[in-house]
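Comments concern the structure below.
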Amino acid sequence: MTVKFLDVRAPDANGWLTRSFLVLSLAGGSLVGATSGCTGNVDPNDRDGKKDPEVIEAPLCEGPRGVGAGRWRRLTASQYANSVKDLIGETPDTSVLLGDFRTGAFKANALQPVDERDVGAYDSLAKTLSEKAVSNLSGLLSCDTKAMGEDKCADQFIKSFGARAYRRPLLSEEQAAFTAVYKTGKEENFSAGIRLVVQAMLASPNFLYLVETGEEDENGMRKLNGYEMASRLAFVLTGTMPDSGLFAAAAAGDLDTAEGVQNYAKKLLGTDKFIEVAKEFHVELLGIDDVTSEEVSKSGKFPDFTTEMRTAMADEPRKFVEYVMTKGTGSVEEMFSAPYVFPEGPLARVYGDVEADSDGRAEVTDGTRHGLLTLAGVQASHPKQLSPRAAVNRGHLVRREVLCETVPPVTGPVDFTLPPGAENMTAQELLRVHQENPTCKGCHELMDSIGFGFESYDALGAFRTKDGGGNTIETSGEIVNIEGDGKFKDTAELASLLSKSPAVRTCMSQQWLRFSLGRDPQEEDSCSLSGLSNAFLRGKGDIKSAVLSLVASDSFRFYRGQ
């Protein structure tokens with residue numbers, strides 16, 4: 001039996017769209033469509049010991065209700081791996097699969113098509129995983145073949161496993177199709193029949209993609225049904241397929257209202273899995289999910305930039321976020337201003353004389369560390385090469401991902417003539433003079449003026465007061481185009497401005513929507529974003545309260561195809 005994709009034209013709210021569906025070519029030559037759904041378990045008492053996140057009522061939005069257009073998304077590598085582990089207890093080698101593509105800073109897989117090689121990779125991995133799954137057949141099945149009979153047991157397995165893999169109950173024709181697949185394999189033996197069913201389900205678009213169509217409501221929008229909402233909640237808040245509790249809530253209609261969605265989301269926000277999601281959000285946001293720099297490593301200038309150091313740099317932001325979310329305030333303000341680090345292993349050489357507590361956390365009392373942006377891994381990741389103009393890259397990171405502003409492209413010829421006396425200027429002095437050039441100022445004042453606040457960190461993220469030439473570093477700058485006075489004298493003032501800025505809170509609302517839905521915010525999302533922003537603008541900017549606002553919004557609960 002072979003497994004492959006065929007393109008099938010399917011009706012959509014906006015007309016006819018071509019979508020890819022898996023079909024199984026059986027030994028007899030017939031083709032049958034494969035599809036299906038999912039389950040799992042949440043303990044409502046699995047809390048972090050803190051009070052529930054506050055449900056903040058969104059202000060009345062004066063604009064029309066709407067939702068931005070989206071696309072079906074292929075599971076990210078981590079979502080795929082987590083779902084496979086939940087289904088069959090195996091951890092797949094996702095390195096053989098098509099890589100993740102990003103929307104903005106985040107892994108989304110919404111726009112890139114798969115080709116024949118990619119389909120083959122998914123099929124090959126599904127075959128490998130199915131073989132491992134049936135190696136422990138008694139653990140895979142919930143029925144006794146001797147007591148029930150093989151065919152009845154297979155029928156029960158197809159129904160229950162299919163509902164979990166497809167994240168919804170199987171349709172009758174799907175049940176029949178998989179029964180035919182099972183019978184084809186059973187010609188060899190019972191185990192082979194079950195193996196083919198597992199392989200087919202794990203290679204199906206109904207497993208590999210977040211299939212969302214919704215049901216049109218009285219406002220002309222397509223509301224996600226209970227099972228689609230369960231999947232969206234699960235992948236956004238836990239990074240994996242729905243558990244049995246979510247599946248039951250979908251079946252009972254508990255996810256049909258905004259209040260019901262929020263009530264269940266509260267449970268998920270209290271789990272360890274959400275903390276993992278929060279870590280991934282911030283790591284992807286700041287581009288530190290891949291701390292590599294061959295140029296820095298090979299330069300010989302930073303012998304401490306070893307594989308062990310890079311591993312520690314990649315781990316530290318995750319520990320930082322976990323602490324903020326579980327033992328701190330769980331807020332935007334603390335995320336971008338907290339004066340502590342996690343100096344594990346080789347990082348101790350970067351942070352110097354600091355003493356870690358039982359959580360691995362060390363308070364930095366000399367005023368050199370202020371939140372996520374000043375962690376060594378973040379600074380070492382921007383830029384990923386040795387550069388005397390690191391302020392440009394670091395400022396661009398903040399402008400793009402923390403303020404959600406796009407630096408305009410160059411529109412005319414650029415004058416690269418160095419200013420008089422350039423040979424006697426430091427790299428930073430050249431950058432500051434650079435901003436006085438009319439052809440450069442429009443872009444570089446948006447980036448460099450912020451990046452100057454991080455000039456006291458070298459390519460390894462270690463604090464310094466002088467550059468490589470022995471020149472005293474100046475860290476004053478300005479956040480141009482921000483509400484209020486954006487001027488700062490050092491990193492501490494920059495961090496304070498960012499952590500309290502309404503512009504940053506508004507940006508975080510856009511970023512959480514982008515992260516959750518795998519698409520950029522659109523004009524139609526304005527009402528949903530207003531409620532999300534309102535939650536972030538309250539107090540210190542509680543992240544869990546903002547996420548509760550997000551899941552109740554139209555943009556989260558409805559779908560519109562492109």
Side-chain angles (χ1 to χ4, degrees), residues 36-44 46-48 72-95 97-98 100 106-110 122 125-126 129 132-133 139-140 160-169 198 201-212 224 226-251 255 261 264-284 289 318 321-322 325 512 515-518 544 547 550-551 556:
S36 168
C38 163
T39 70
N41 251 323
V42 169
D43 180 0
D46 183 13
R47 304 302 180 105
D48 57 15
W72 290 0
R73 290 171 282 155
R74 179 171 52 87
L75 298 185
T76 66
S78 64
Q79 290 171 340
Y80 173 90
N82 292 339
S83 296
V84 168
K85 183 68 181 285
D86 288 346
L87 279 170
I88 63 174
E90 296 288 340
T91 300
D93 177 12
T94 58
S95 67
L97 301 177
L98 176 66
D100 290 327
F106 306 111
K107 298 171 184 177
N109 297 338
Y122 277 110
L125 186 53
L129 291 168
K132 291 182 178 180
L140 182 66
S160 60
F161 187 84
R164 297 180 65 219
Y166 279 32
R167 303 181 286 273
R168 59 165 175 77
V198 173
M201 290 182 179
L202 293 184
S204 169
N206 288 281
F207 172 68
L208 298 175
Y209 283 78
L210 291 172
V211 179
E212 299 171 334
L224 297 183
Y227 297 107
E228 292 169 340
M229 178 53 62
S231 288
R232 185 170 279 195
L233 272 176
F235 282 110
V236 171
L237 300 187
T238 69
T240 189
M241 56 179 271
D243 65 8
S244 60
L246 261 175
F247 196 53
L255 306 179
V261 171
Y264 208 95
K266 285 182 183 179
K267 301 176 184 179
L268 300 179
L269 291 175
T271 65
D272 290 341
K273 287 183 177 180
F274 174 71
I275 301 304
E276 292 302 314
V277 167
K279 294 179 192 178
E280 198 61 31
F281 170 86
H282 289 92
V283 164
E284 291 184 18
D289 48 333
R318 291 176 168 84
V321 172
E322 180 176 359
M325 296 301 298
W512 270 100
F515 173 80
S516 300
L517 304 183
K544 288 185 178 181
V547 172
L550 169 65
V551 300
F556 194 90

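Values reported hereafter were calculated over all heavy atoms of this structure, with side chains retained and with hydrogens, waters and symmetry mates removed. Remember, it's a predicted structure, so these values are computed and weren't measured experimentally.
- With contacts defined as side-chain heavy-atom distances shorter than 4.5 Å, the pair Val551/Val236 does not qualify.
- Of the possible polar contacts, none joining the Arg232 side chain to the Leu210 backbone as a donor-acceptor pair under 3.5 Å is found.
- Considering all non-hydrogen atoms of both residues, Leu208 and Leu202 come closest at CD2-O, 3.6 Å.
- Across every non-hydrogen atom of Phe207 and Met201, the tightest pair is CB-O, 3.3 Å.
- Partners of Arg73 according to the salt bridge (Lys or Arg N to Asp or Glu O under 4.0 Å) rule, which considers only residues two or more places apart in sequence or in another chain, do not exist here.
- With contacts defined as side-chain heavy-atom distances shorter than 4.5 Å, the pair Met229/Val261 qualifies.
- Counting heavy atoms from C-beta on, the side chains of Leu237 and Lys273 never come closer than 4.5 Å.
- For Glu280, the salt bridge (Lys or Arg N to Asp or Glu O under 4.0 Å) partners two or more places apart in sequence, or in a different chain, are Arg318.
- Heavy atoms only, all atoms of each residue included: Leu550 and Trp512 are closest at CD2-O, 4.0 Å.
- The side-chain hydrogen bond (donor to acceptor under 3.5 Å, both in side chains) test applied to Glu322 returns Lys279, not counting sequence neighbours.
- A pairwise comparison of heavy atoms in Leu75 and Asn109 identifies O-ND2, 3.3 Å as the closest pair.
- For the residue pair Tyr209 and Arg74, the shortest heavy atom distance occurs at CD2-N, 3.6 Å.
- Side-chain atoms of Leu224 and Phe556, non-hydrogen and from C-beta on, never get closer than 4.5 Å to each other.
- Take Asn82 and apply the side-chain hydrogen bond (donor to acceptor under 3.5 Å, both in side chains) test, not counting sequence neighbours, and it matches no residue.
- The minimum heavy-atom distance linking Pro92 with Ala81 is given by the pair CG-CA, 3.7 Å.
- The shortest distance between side-chain heavy atoms of Val198 and Leu140 falls below 4.5 Å.
- Taking Ala250 as the reference, Tyr227, Ala230, Leu255 meet the side-chain contact (heavy atoms from CB on, under 4.5 Å) condition, with sequence neighbours excluded.
- Remark: Lys107 pairs with no residue by the side-chain hydrogen bond (donor to acceptor under 3.5 Å, both in side chains) rule, at least two apart or across chains.
- Residues meeting the side-chain contact (heavy atoms from CB on, under 4.5 Å) test with Lys85, sequence neighbours left out: Thr91.
- Evaluation of the ring-ring contact (aromatic ring centres under 6.0 Å, His included) rule for Phe274 yields no partner, not counting sequence neighbours.
- Phe281 and Phe106 have parallel rings, their planes meeting at less than 30° on a 0 to 90° scale where 60° marks the start of perpendicular.
- For Ser78, the side-chain hydrogen bond (donor to acceptor under 3.5 Å, both in side chains) criterion is met by Thr76, not counting sequence neighbours.
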